[in-house]
Student: 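Before we start, here is the structure in question, set down as structure tokens.
Numbers here simply count residues along the sequence, with the first being 1. In this text, all values refer to a predicted model and were calculated from it rather than measured experimentally.
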Amino acid sequence: MKTGEFHAPWRRPSALRYALTRIRGMVRPPVTVTEAPADIVIDRDVDVPTRDSTVLRINVCREDADAPRPVILSIHPYGKDNLPKRRAMMWTYSLQYRVIRQPQPVSFSALTGWEAPDPSWWVPQGFIVVNADARGCGHSDGTGKLLSRQEAEDTYDLVQWIAEQAWCDGNVVMLGVSYLAISQYAVAALQPPALRAICPWEGWTDVYRDLMFPGGIREVGFARLWGRIVDRTTRQTYNLVQMQDEHPLRDDFWQSLAPDLTAINVPMLVCGSFSDNNLHSRGSMRAFTRVGSKHARLYTHRGGKWATFYSDAALAEQLRFFRAVLDGSPETRSVRLEVREDRDTVTAVREEAEWPLARTRWRPLYLTAGQLTTEAPTTPDGVTFETHSRAAAFSWTASEDTELTGPMVARLWVELEGCDDANLFVGVEKWRDGQFVEFEGSYGYGRDRVTTGWQRVSLRALDPELSQPWEPVAACTEPRPVSAGEVVRVDVALGPSATLFRAGEQLRLVVAGRWLCPTAKLTGQFPAAYSNSGRGRITLHWGPDRGAHLLIPEIPG
């Protein structure tokens, strides 16, 4: 008998109200641009030669002083000269601040490039700020190769050139968000002598697993939009969306774009956001757990990306880190952990020593008919649903206040009918008094769930060297289609989170063959989108010989 509870997570009440808030945010986003201080000197389009004689161009923001200072560097494809501009009484700035919802106010100066450090704040703190156009981008020469070793070698040459300038004291650190973070991992793995520290503030570390094919499922939203922007404004050897067509598996091409994290030995402050599961969260955690550096700090939060990066608290954290490194810091590993119970409520901010937390109690909640239970079922059963129309749902109610901090895993036993492959989308939601509890998510999505996972059934085979019981890693190198009548085990990794469930609140596990969010631009998680399954039926099995469960990370009180 196929029993169970069904759910449609892509249909939420109050969608119109949410859409209206999105429209208001587009018309008047909470973004403030301030005038640049008059005493900052800007050297524009300074030529920097690379090892193959290609010239990169940089802007140098500094005080007009004789004493050399440490340099904060960022390099990216977005154009170092794309800065806010005043028109009449209004400031113009990146359109993304309008298109993407801003949950809190964002403030920066007119010298601030996209996702880059603000020179108006950092120069008075005793630093020089350098913003660089990557090869083939902005005013730099040549043709670029996004995320490649060539790009990392260019950054290596730039770091070493900066260290030799009269205005630099020989110390170079790096700071920035997203691509400006990703470029830091790549160059730090090459170990340029003058690079003293990196601060990658939310950045993936494996473009295949983190963005292009999470769990082997093709991303068809942000990847295409970002790819079109980069193609239109830069000169590149290859197009990453085209590479999705040519390289659907994690082959040598994608592996060549993933930096060797174990080779990074400089001190690192990495921001691991719980609100960017579709893009950077997993890569940030991977960086913290796998880098070779003995001085690594993880800064977690679940707020807005840019509001947090430019906030007073984050700036103070970044400044403390850089000053400690330049003054000769001790060898430490630490975590700034933020725990929330909903989108707007932070219940705890505390210091921890590692990730995941060593005292975690990994607890399986077993699938039964519509429920998650602490006891494994004694009789076989299952639930069947169409790949495009419904999601299976399983619920568990917290009997006491329970903190769940860490990654989660859904172990499923799957049978397919009418198809030999399917894409599984798995989510963990929080419900309170019969109402869905909203969290901050990727791309400013304000109605996200606790955490989400993706897995293509045919690419279920795990990488034994990288996988942990609490974090399965799909190899995505060899498809294994499912035969008719065959039941296969599929482990689905769900992204990191830190959430307090109050007594009486409900955890709901949802499993579907289609993306779990609405597809409408105003009410969904635009621009995120993923390939859906082909039409067919999915059956989830459980029983004494098939211990289907959700593994949750309980933190003892």
Student: For residues Ser442 and Asp276, is any side-chain donor paired with an opposing acceptor at under 3.5 Å?
Tutor: yes

Student: From Thr50 OG1 over to Asp157 CG, what is the distance, rounded to the nearest 0.5 angstrom?
Tutor: 6.0 Å

Student: Establish, from distance only, whether the side-chain atoms of Thr205 and Arg286 form a donor-acceptor pair under 3.5 Å.
Tutor: yes

Student: Taking only residues two or more places apart in sequence or in another chain, which ones pass side-chain contact (heavy atoms from CB on, under 4.5 Å) with Ala422?
Tutor: Leu416, Val457, Ser533, Ile538

Student: Is there a side-chain contact between Asn278 and Trp454 in this structure, where contact means two heavy atoms from C-beta onward sitting under 4.5 Å apart?
Tutor: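 A side-chain contact exists here, since the closest heavy-atom pair is under 4.5 Å.
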
Student: With Phe213, which residues qualify under ring-ring contact (aromatic ring centres under 6.0 Å, His included), at least two apart?
Tutor: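 Only Tyr208 meet the ring-ring contact (aromatic ring centres under 6.0 Å, His included) criterion with Phe213.
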
Student: Do the rings of Tyr366 and His549 sit parallel, tilted or perpendicular, given the 30° and 60° boundaries?
Tutor: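 Perpendicular: the ring planes of Tyr366 and His549 meet at over 60°.
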
Student: Using atom types as modelled and distance alone, determine if a side-chain donor or acceptor of Asn82 lies under 3.5 Å from a backbone N or O of Tyr78.
Tutor: yes

Student: Rounded to the nearest 0.5 Å, what separates atom CD1 in Ile552 from atom OG1 in Thr360?
Tutor: 11.0 Å

Student: Would you tell me whether Trp306 and Gln102 have side-chain atoms, one donor and one acceptor, within less than 3.5 Å of each other?
Tutor: no

Student: Can you tell me which residue pairs pass the ring-ring contact (aromatic ring centres under 6.0 Å, His included) test with a partner in residues 137-169, sequence neighbours excluded?
Tutor: none

Student: Using distance alone, with no hydrogens and no angle criterion, decide if Glu202 and His301 have a side-chain donor and acceptor under 3.5 Å apart.
Tutor: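 Present: a donor and an acceptor within the cut-off.
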
Student: Hey, are the side chains of Val71 and Val129 touching, using non-hydrogen atoms and a 4.5 Å cut-off?
Tutor: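 No, too far: nothing below the 4.5 Å cut-off.
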
Student: Within the 4.5 Å heavy-atom criterion, are Leu516 and Val510 side-chain neighbours or not?
Tutor: yes

Student: Return the CG to CG distance between Asp133 and Asp154, rounded to the nearest 0.5 Å.
Tutor: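 Interatomic distance, Asp133 CG to Asp154 CG, rounded to 0.5 Å: 12.0 Å.
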
Student: Is the number of heavy atoms from other residues, nucleotides or ligands within 6.0 Å of CZ (Arg290) greater than 12?
Tutor: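 Atom CZ in Arg290 is packed in, count exceeds 12.
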
Student: So, taking the atom named CG in Asp231 and the one named OG1 in Thr233, what distance separates them when rounded to the nearest 0.5 Å?
Tutor: 8.0 Å

Student: Using a strict 4.0 Å threshold on nitrogen-to-oxygen distance, state whether Asp141 and Arg135 make a salt bridge.
Tutor: no

Student: Scan side-chain atoms only and decide if Ser148 and Gln150 contain a donor-acceptor pair under the 3.5 Å cut-off.
Tutor: no

Student: Does a side-chain N-to-carboxylate-O contact under 4.0 Å join Arg411 and Asp491?
Tutor: yes

Student: Centres of the Trp121 and Phe108 rings: under 6.0 Å?
Tutor: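 When the ring centroids of Trp121 and Phe108 are compared, they turn out to be at least 6.0 Å apart.
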
Student: Report the residues that fulfil salt bridge (charged side-chain N to carboxylate O under 4.0 Å, His left out) with Glu352, sequence neighbours left out, ordered by chain and then residue number.
Tutor: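 Partners of Glu352 under the salt bridge (charged side-chain N to carboxylate O under 4.0 Å, His left out) test: Arg350, Arg359.
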
Student: Mind checking side-chain contact (heavy atoms from CB on, under 4.5 Å) for Glu351 and listing every partner two or more places apart, or none if nothing turns up?
Tutor: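 Testing Glu351 for side-chain contact (heavy atoms from CB on, under 4.5 Å), a comparison that skips the adjacent residues, returns Arg297, Ser334, Arg336.
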
Student: If we only count heavy atoms from C-beta on, is the Arg69 to Phe127 side-chain gap below 4.5 Å?
Tutor: no

Student: Rounded to the nearest 0.5 Å, how far does CG of Leu269 lie from CG of Leu319?
Tutor: 11.5 Å

Student: Do Glu164 and Gln160 have side-chain atoms, one donor and one acceptor, less than 3.5 Å apart?
Tutor: no

Student: Would you say Ser293's side chain and Val266's backbone share a donor-acceptor pair under 3.5 angstrom?
Tutor: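 Between the backbone of Val266 and the side chain of Ser293 there is a qualifying donor-acceptor contact (under 3.5 Å).
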
Student: Check whether Phe501 forms a cation-pi arrangement with Lys430 (NZ or CZ under 6.0 Å from the six-membered ring centre, at most 45° off the ring normal).
Tutor: yes

Student: Please name all residues satisfying ring-ring contact (aromatic ring centres under 6.0 Å, His included) with Tyr443, sequence neighbours left out, ordered by chain then number.
Tutor: Phe222

Student: How about CG on Asp327, more than 12 heavy atoms from neighbouring residues, nucleotides or ligands closer than 6.0 Å, or not?
Tutor: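 Enclosed: over 12 neighbouring heavy atoms sit under 6.0 Å from CG of Asp327.
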
Student: How long is the straight-line distance from CE of Met285 back to OG of Ser281, given to the nearest 0.5 Å?
Tutor: 6.5 Å

Student: Under the rule for ring-ring contact (aromatic ring centres under 6.0 Å, His included), what residues qualify as partners of His280, not counting sequence neighbours?
Tutor: Trp204

Student: Can you name the residues that form a ring-ring contact (aromatic ring centres under 6.0 Å, His included) with Phe439, not counting sequence neighbours?
Tutor: none

Student: Do Pro553 and Thr405 have side-chain heavy atoms sitting under 4.5 Å apart?
Tutor: no

Student: Does a side-chain heavy-atom distance below 4.5 Å link Leu424 with Arg456?
Tutor: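 Result no, sub-4.5 Å side-chain heavy-atom pair not found.
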
Student: Apply the test side-chain contact (heavy atoms from CB on, under 4.5 Å) to residues Thr112 and Tyr310: give CA-CA distance (whole Å), side-chain angles for both, the deciding distance (0.1 Å), then the verdict.
Tutor: CA-CA 11 Å; Thr112 309; Tyr310 294 111; 3.3 Å; yes

Student: Give the C-alpha distance, both sets of side-chain angles, the deciding distance and a yes or no for side-chain contact (heavy atoms from CB on, under 4.5 Å) between Ile58 and Asn131.
Tutor: CA-CA 6 Å; Ile58 66 175; Asn131 198 357; over 6 Å; no

Student: Salt bridge (charged side-chain N to carboxylate O under 4.0 Å, His left out) with Asp81: which residues, sequence neighbours excluded?
Tutor: none

Student: Filter on salt bridge (Lys or Arg N to Asp or Glu O under 4.0 Å), then keep only pairs touching residues 211-230, sequence neighbours left out; what's left?
Tutor: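 As it turns out, the salt bridge (Lys or Arg N to Asp or Glu O under 4.0 Å) pairs with a partner in residues 211-230, which skip direct neighbours, are Arg218-Asp245.
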
Student: Please check if the side chain of Gln191 supplies one atom and the backbone of Ala263 the other of a donor-acceptor pair under 3.5 Å.
Tutor: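 Confirmed, Gln191 side chain pairs with Ala263 backbone.
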
Student: Check step by step if side-chain contact (heavy atoms from CB on, under 4.5 Å) holds for Arg340 and Leu500.
Tutor: CA-CA 6 Å; Arg340 295 200 176 204; Leu500 178 66; over 6 Å; no

Student: Hey, mind stepping through Val426 and Leu412 against side-chain contact (heavy atoms from CB on, under 4.5 Å) and telling me if it holds?
Tutor: CA-CA 10 Å; Val426 180; Leu412 306 174; 4.3 Å; yes

Student: Classify the angle between the aromatic ring planes of Trp470 and Trp362 as parallel (below 30°), tilted (30 to 60°) or perpendicular (above 60°).
Tutor: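 Aromatic pair Trp470/Trp362 classed parallel.
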
Student: Any salt bridge between Arg282 and Asp206, counting N to O under 4.0 Å?
Tutor: no

Student: Taking Arg363 first and then Glu554, would you say they form a salt bridge - that is, a charged N and a carboxylate O separated by under 4.0 Å?
Tutor: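 Yes, this pair counts.
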
Student: Please confirm whether Phe288 and Trp355 have ring centers closer than 6.0 angstrom.
Tutor: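 No, the ring centres sit 6.0 Å or more apart.
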
Student: Name all pairs fulfilling the ring-ring contact (aromatic ring centres under 6.0 Å, His included) condition that reach into residues 315-337, sequence neighbours left out, sorted by first residue then second.
Tutor: Trp122-Phe322, His295-Phe321

Student: Between Val409 and Pro472, is any pair of side-chain heavy atoms under 4.5 Å apart?
Tutor: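 In contact.
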
Student: Going by side chain to side chain contact (heavy atoms under 4.5 Å, CB included), Cys199 matches just one of Leu175, Ile72, Val173. Which one?
Tutor: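 Single side chain to side chain contact (heavy atoms under 4.5 Å, CB included) partner of Cys199 among Leu175, Ile72, Val173: Leu175.
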
Student: Aromatic contact between Trp114 and Tyr179, with the criterion being ring centroids under 6.0 Å apart: yes or no?
Tutor: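 Centroid distance Trp114-Tyr179: not below 6.0 Å, so no.
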
Student: Taking only residues two or more places apart in sequence or in another chain, which ones pass salt bridge (charged side-chain N to carboxylate O under 4.0 Å, His left out) with Arg449?
Tutor: none

Student: Under a 3.5 Å distance rule, please check whether Glu151 uses its side chain to pair with a backbone N or O of Leu147 as donor and acceptor.
Tutor: yes

Student: Under 4.5 Å between any side-chain heavy atoms of Val270 and Ile198, yes or no?
Tutor: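 The answer is no; the side chains never approach within 4.5 Å.
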
